[in-house]
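Working notes, beginning with the structure itself.
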Amino acid sequence: RQTSMATKSYGETEKRIIKFLSPADVKGTGLLIFDYENDDDAMWIYMPAIRKTRRIVSSEKSNSFMGSEFTNADMATSSINDFDYQTLGSRIINGTNCYEIKALPVNDDVSDKEGYSKKVIYIGKTDFVMRRVVFYDLDGELLKILNVEEIKMIDTKNKTYLATNMTMENLQTGRKSVINMDEYQLNNSLSDSYFTTDYLEE
């Protein structure tokens, strides 16, 4: 499946829009995400078959994103306040020395929304870029592993990095989903109109 995506930062809020370009059965489908640093994210999906945009409610965020091993929640950034964090130590991930951090949901509502009882996150010590996330299901069993296979610095001045290839492997089903970015560019003058439900339906 081929998609296009645009992202823009508004301080503590990041807005993202994803549109499916092919194949024909998903062409025109779109997802609009508002990531809030200290609050629940907001998500809307447009389905061209019914020509309707609807908001994705909390109970649907743990559902599969377009049939992939990523969930709707995985496509957004979790609120910092939704988890308690503990540093477990250090570990080398794909040649990079990383902090090993355990993230536990602060309550059952967050667990249900995310679909996970625990995450273990590996963050590069020098660039603070995520290299791997290990997910545990609501019964505490190992569920999925997200591996970031390729990272590129796209803005040397601001030291901005982009994960251009990542794989989500479901260890319980044996399925994998891969996100690969073929092209990318910086555009500081990106219009705010892209991040609206009106544009989602164009």
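Basis for what follows: all heavy atoms, side chains included, without hydrogens, waters or symmetry-related copies.
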Looking only at atom types and distance, does a side-chain atom of [X] sit under 3.5 Å from a main-chain N or O of [Y], one as donor and one as acceptor?
X: Ser117; Y: Asp137; answer: yes
X: Lys8; Y: Leu190; answer: yes
X: Arg16; Y: Glu14; answer: no
X: Ser191; Y: Ser193; answer: yes
X: Glu201; Y: Asp198; answer: no
X: Lys19; Y: Ala6; answer: no

So do [Y] and [X] actually touch side chain to side chain, heavy atoms under 4.5 Å?
X: Leu143; Y: Leu171; answer: no
X: Lys176; Y: Glu69; answer: no
X: Tyr36; Y: Asn38; answer: no

Gap separating the [atom1] atom of [X] from the [atom2] atom of [Y], nearest 0.5 angstrom:
X: Ile123; Y: Asn97; atom1: CD1; atom2: CG; value: 12.5 Å
X: Leu162; Y: Asn165; atom1: CG; atom2: CG; value: 11.0 Å
X: Ser90; Y: Ile92; atom1: OG; atom2: CD1; value: 7.5 Å
X: Ile45; Y: Thr29; atom1: CD1; atom2: OG1; value: 6.5 Å
X: Thr13; Y: Ile33; atom1: OG1; atom2: CD1; value: 13.5 Å
X: Asn180; Y: Gln2; atom1: CG; atom2: CD; value: 11.0 Å

Side-chain donor-acceptor pair under 3.5 Å between [X] and [Y], yes or no?
X: Ser79; Y: Glu37; answer: no
X: Asp192; Y: Tyr10; answer: yes
X: Glu150; Y: Thr164; answer: yes

Review point. Can you list the steps and then say if Asp127 with Lys159 is a salt bridge (charged side-chain N to carboxylate O under 4.0 Å, His left out)?
Key: CA-CA 8 Å; Asp127 55 20; Lys159 293 186 178 180; over 6 Å; no

Does the cation-pi check pass for [X] over [Y], that is, NZ or CZ under 6.0 Å from the six-membered ring centre and within 45° of its axis?
X: Lys27; Y: Phe20; value: no
X: Lys119; Y: Phe83; value: yes
X: Lys125; Y: Tyr99; value: yes

Atom of [X], atom of [Y] and distance for their closest heavy-atom approach:
X: Leu200; Y: Gly30; result: CD1-C, 3.5 Å
X: Thr167; Y: Val178; result: OG1-CG2, 3.7 Å
X: Ser62; Y: Thr71; result: O-CG2, 3.4 Å
X: Thr196; Y: Leu32; result: C-CD2, 3.7 Å
X: Ala73; Y: Glu114; result: CB-OE1, 4.1 Å

Practice item. For the pair Ile18 and Ser4, evaluate side-chain contact (heavy atoms from CB on, under 4.5 Å) and give the outcome as yes or no after the intermediate values. Key: CA-CA 6 Å; Ile18 302 169; Ser4 66; over 6 Å; no

Treating Ile, Leu, Val, Met, Phe, Trp and Tyr as nodes and any side-chain heavy-atom pair under 4.5 angstrom as an edge, say whether [X] and [Y] lie in one connected cluster.
X: Val110; Y: Leu104; answer: no
X: Ile80; Y: Phe135; answer: yes
X: Met168; Y: Met5; answer: yes
X: Val133; Y: Phe70; answer: yes
X: Phe195; Y: Trp44; answer: yes

**Study point:** Step-by-step salt bridge (charged side-chain N to carboxylate O under 4.0 Å, His left out) determination, Lys61 to Asp41
**Key:** CA-CA 10 Å; Lys61 290 181 179 178; Asp41 51 77; 3.1 Å; yes

Review point. Excluding sequence neighbours, so at least two apart, what forms salt bridge (Lys or Arg N to Asp or Glu O under 4.0 Å) with Asp39?
Key: none

Review point. Given the rule in the side-chain contact (heavy atoms from CB on, under 4.5 Å) test, do Thr87 and Glu100 qualify, once you have shown the distances and angles that lead to the verdict?
Key: CA-CA 6 Å; Thr87 302; Glu100 184 178 23; over 6 Å; no

Practice item. With salt bridge (charged side-chain N to carboxylate O under 4.0 Å, His left out) as the test, would you mind laying out the steps for Arg132 and Glu149 before giving the verdict? Key: CA-CA 9 Å; Arg132 177 178 294 172; Glu149 312 287 354; over 6 Å; no

Exercise for review: Compute the centroid of each ring, for Tyr199 and then for Tyr194, and state whether the two points are separated by less than 6.0 Å.
Suggested key: yes

Check your understanding: Below 4.0 angstrom, N of the basic side chain to O of the carboxylate: do Asp74 and Lys144 qualify?
Key -> yes

Review point. Between Asn107, Asn72, Asp108, Asp82, which is the residue that forms a side chain to side chain donor-acceptor pair (under 3.5 Å) with Lys113?
Key: Asp82

**Study point:** Evaluation steps, side-chain contact (heavy atoms from CB on, under 4.5 Å), between Tyr122 and Arg91
**Key:** CA-CA 8 Å; Tyr122 298 88; Arg91 185 171 172 183; 3.3 Å; yes

Review point. Does CD in Gln172 sit with more than 12 non-hydrogen atoms of other residues, nucleotides or ligands closer than 6.0 Å?
Key: yes

Check your understanding: Please walk me through it: do Leu31 and Met43 pass side-chain contact (heavy atoms from CB on, under 4.5 Å)?
Key -> CA-CA 7 Å; Leu31 185 71; Met43 307 177 75; 4.1 Å; yes

Check your understanding: So among Glu202, Arg51, Lys52, which one has a side-chain contact (heavy atoms from CB on, under 4.5 Å) with Tyr46?
Key -> Arg51

